Protein chains: 2
Amino acid sequence: MTGAGAREAVEDQVFAALANATRREVLRLLRDGGPQPVQALADHFDMRRPSLSEHLKVLRDAGLVSEQRSGRQRIYRLEAAPLAEVQDWLHPYERFWRERLKGLGELLDRMPDDGAT
Amino acid sequence: MTGAGAREAVEDQVFAALANATRREVLRLLRDGGPQPVQALADHFDMRRPSLSEHLKVLRDAGLVSEQRSGRQRIYRLEAAPLAEVQDWLHPYERFWRERLKGLGELLDRMPDDGAT
DNA sequence: TTGACATGTAGGGAATCTCCTACCTATCGT
DNA sequence: ACGATAGGTAGGAGATTCCCTACATGTCAA
């Protein structure tokens with residue numbers, strides 16, 4: 001049953017992983033700086049390394065990064081596929097903010113009531 | 001201080017709000033069913049109404065829904081603007097999954113040195 | 001082999017999340 | 001005014017998060 005419930009769980013994991021500034025910053029560092037060992041990432045944070053290790057685990061579990069061992073280092077790499085799924089999730093909402101930005105929805109949606117301007 | 005830190009906090013709130021299947025379902029219901037009172041939303045969930053009320057508060061605080069009172073009902077409406085910001089956040093990552101899907105990134109990224117082909 | 005280095009894991013504490021059962025407030029119909 | 005309806009708020013239990021300090025594991029260098 002690789003059905004609907006499974007997808008929800010995956011989305012939970014991805015959104016939850018993104019709901020943290022440190023983890024988003026890790027993704028940005030991997031995006032802008034390319035694959036890096038943990039040490040290099042850790043330099044950017046005011047946090048003990050084991051804590052960062054746990055953030056990396058969250059990102060790994062969400063499929064947002066992968067690790068590749070190289071000697072005693074582990075090179076982390078951005079894996080953007082789950083972000084593509086986030087974009088897919090966003091798609092059906094797109095027309096709502098486009099409407100809003102055109103300034104049409106603002107008026108149309110609020111018509112039904114309100115007489116005291 | 002409406003600078004960088006503030007934006008991070010807002011993104012935290014939005015992503016955290018989205019990191020829950022119930023809240024994403026509320027957004028979907030408002031998207032597909034239009035503005036609705038709490039009762040109508042509650043019918044879709046196997047959860048006590050006060051709990052749903054709290055989810056609505058989280059969505060309100062994240063700016064993802066707005067409420068408009070109408071008699072003793074409160075009509076909730078989807079507010080998609082924060083989702084537009086999520087899409088903006090995604091943009092810089094887009095090339096990564098596009099590369100990957102084309103099968104190019106796989107090779108390029110793993111090059112020891114930055115081979116500028 | 002011994003030691004230093006790079007990283008993960010264990011366990012714990014404070015804060016937060018998510019659900020619950022009361023309970024409070026405001027509005028409608030009679 | 002009265003009861004019923006729509007919805008939020010308070011307070012609490014149990015799970016989870018996020019940070020920490022130890023400690024374990026694996027690899028390189030001498």
Side-chain angles (χ1 to χ4, degrees), chain A residues 5 8-27 29-30 33-77 112-116, chain B residues 5 8-27 29-30 33-62 64-77:
Chain A
E8 290 250 296
V10 169
E11 279 171 351
D12 263 24
Q13 263 191 316
V14 173
F15 280 120
L18 297 178
N20 178 284
T22 297
R23 290 191 293 261
R24 286 196 305 279
E25 179 67 3
V26 167
L27 295 181
L29 288 167
L30 293 177
Q36 297 169 51
V38 178
Q39 196 87 289
L41 295 169
D43 289 345
H44 295 268
F45 298 99
D46 192 26
M47 176 188 298
R48 303 296 170 172
R49 207 197 26 72
S51 303
L52 181 61
S53 253
E54 280 161 17
H55 283 303
L56 289 172
K57 177 170 169 52
V58 172
L59 290 170
R60 250 184 289 128
D61 290 349
L64 285 161
V65 303
S66 63
E67 82 170 24
Q68 171 207 342
R69 295 172 193 220
S70 168
R72 51 185 149 176
Q73 301 188 130
R74 306 199 185 182
I75 310 300
Y76 277 83
R77 168 193 313 277
D113 110 298
D114 176 29
Chain B
E8 290 250 295
V10 169
E11 278 170 351
D12 263 24
Q13 262 191 315
V14 173
F15 279 121
L18 296 177
N20 178 284
T22 296
R23 290 193 292 261
R24 286 197 304 278
E25 179 67 3
V26 166
L27 295 181
L29 289 166
L30 294 176
Q36 298 169 50
V38 178
Q39 196 86 284
L41 295 169
D43 289 345
H44 295 268
F45 298 99
D46 193 26
M47 177 188 296
R48 302 297 170 172
R49 206 193 29 68
S51 301
L52 182 61
S53 254
E54 282 162 16
H55 283 303
L56 290 172
K57 177 169 171 51
V58 172
L59 291 170
R60 251 184 290 126
D61 290 349
L64 285 161
V65 304
S66 62
E67 84 170 21
Q68 169 206 347
R69 295 173 192 221
S70 169
R72 52 185 150 179
Q73 300 189 131
R74 307 199 184 183
I75 310 300
Y76 277 83
R77 169 193 313 278

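Letters A, B, ... are given to chains in the order of the sequence lines, protein chains preceding strands, and every chain is numbered from 1. On a predicted model such as this, the values are computed, not experimentally measured, just so you know.
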Just verifying a value: how many Å separate B:H55 NE2 and B:E25 CD, rounded to the nearest 0.5 Å? 12.0 Å
What distance separates A:D43 CG from A:L29 CG, expressed to the nearest 0.5 Å?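 It comes to 10.0 Å.
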Let me know the distance between [atom1] of [X] and [atom2] of [N], rounded to the nearest Å.
X     : N      : atom1 : atom2 : value
B:Q73 : D:dA4  : CD    : C1'   : 14 Å
A:F15 : D:dT16 : CZ    : P     : 21 Å
B:E67 : D:dT9  : CD    : C1'   : 14 Å

Which residues satisfy the side chain to side chain contact (heavy atoms under 4.5 Å, CB included) test with B:Q39, sequence neighbours excluded?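 Partners of B:Q39 under the side chain to side chain contact (heavy atoms under 4.5 Å, CB included) test: B:R49.
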Just to verify, what does B:A19 make a side chain to side chain contact (heavy atoms under 4.5 Å, CB included) with, not counting sequence neighbours? A:F15, A:A16
Locate the shortest heavy-atom distance separating [X] from [Y]; write the atom from each residue and the value.
X     : Y     : value
A:N20 : A:T22 : OD1-N, 2.9 Å
A:S70 : A:I75 : CB-CG1, 4.0 Å
A:L27 : A:V65 : CD2-CG1, 3.8 Å

Contact residues, residues 36-45 of chain B to DNA chain C [heavy atom, < 4.0 Å]: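 The stretch gives none, as no residue of it lies under 4.0 Å from the strand.
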B:R60: partners by side-chain hydrogen bond (donor to acceptor under 3.5 Å, both in side chains), with sequence neighbours left out: B:Y76
Between B:Y76 and D:dG8, is there a side-chain N or O to OP1/OP2 distance below 4.0 Å? yes
Using salt bridge (Lys or Arg N to Asp or Glu O under 4.0 Å) as the criterion, list what pairs up with B:E54, not counting sequence neighbours. none
Applying salt bridge (Lys or Arg N to Asp or Glu O under 4.0 Å), which residue pairs with at least one partner in residues 13-24 of chain A are found, sequence neighbours left out?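 Matches after skipping sequence neighbours: A:R24-B:E11, A:R24-B:D12.
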Reading DNA chain C from 5' to 3', where do the contacts with chain A start and stop? Cut-off is 4.0 Å to heavy atoms. C:dA4 to C:dG11
Residue met sooner reading DNA chain D from 5', once A:G71 and B:S53 are mapped to nucleotides: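 The residue whose closest nucleotide sits nearer the 5' end is B:S53.
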Any donor-acceptor N/O pair, B:Q36 side chain to B:G34 backbone, under 3.5 Å: yes
On DNA chain C, more 5' by nearest nucleotide between A:R72 and A:R60 is A:R72
Could you list, one pair per line, each protein nitrogen or oxygen that sits under 3.5 Å from a nitrogen or oxygen of nucleotides 18-24 of chain D, together with the distance?
residue : atom : partner : partner atom : Å
D:dC18  : OP1  : A:N20   : ND2          : 3.3
D:dC18  : OP2  : A:R23   : NH1          : 2.9
D:dC18  : OP2  : A:R23   : NH2          : 3.4
D:dC19  : OP2  : A:H55   : NE2          : 2.3
D:dC19  : N4   : A:E54   : OE1          : 3.2
D:dC20  : OP2  : A:R48   : N            : 2.9
D:dC20  : OP2  : A:S51   : OG           : 2.8
D:dC20  : N4   : A:E54   : OE2          : 3.3
D:dT21  : OP2  : A:R48   : NE           : 3.4

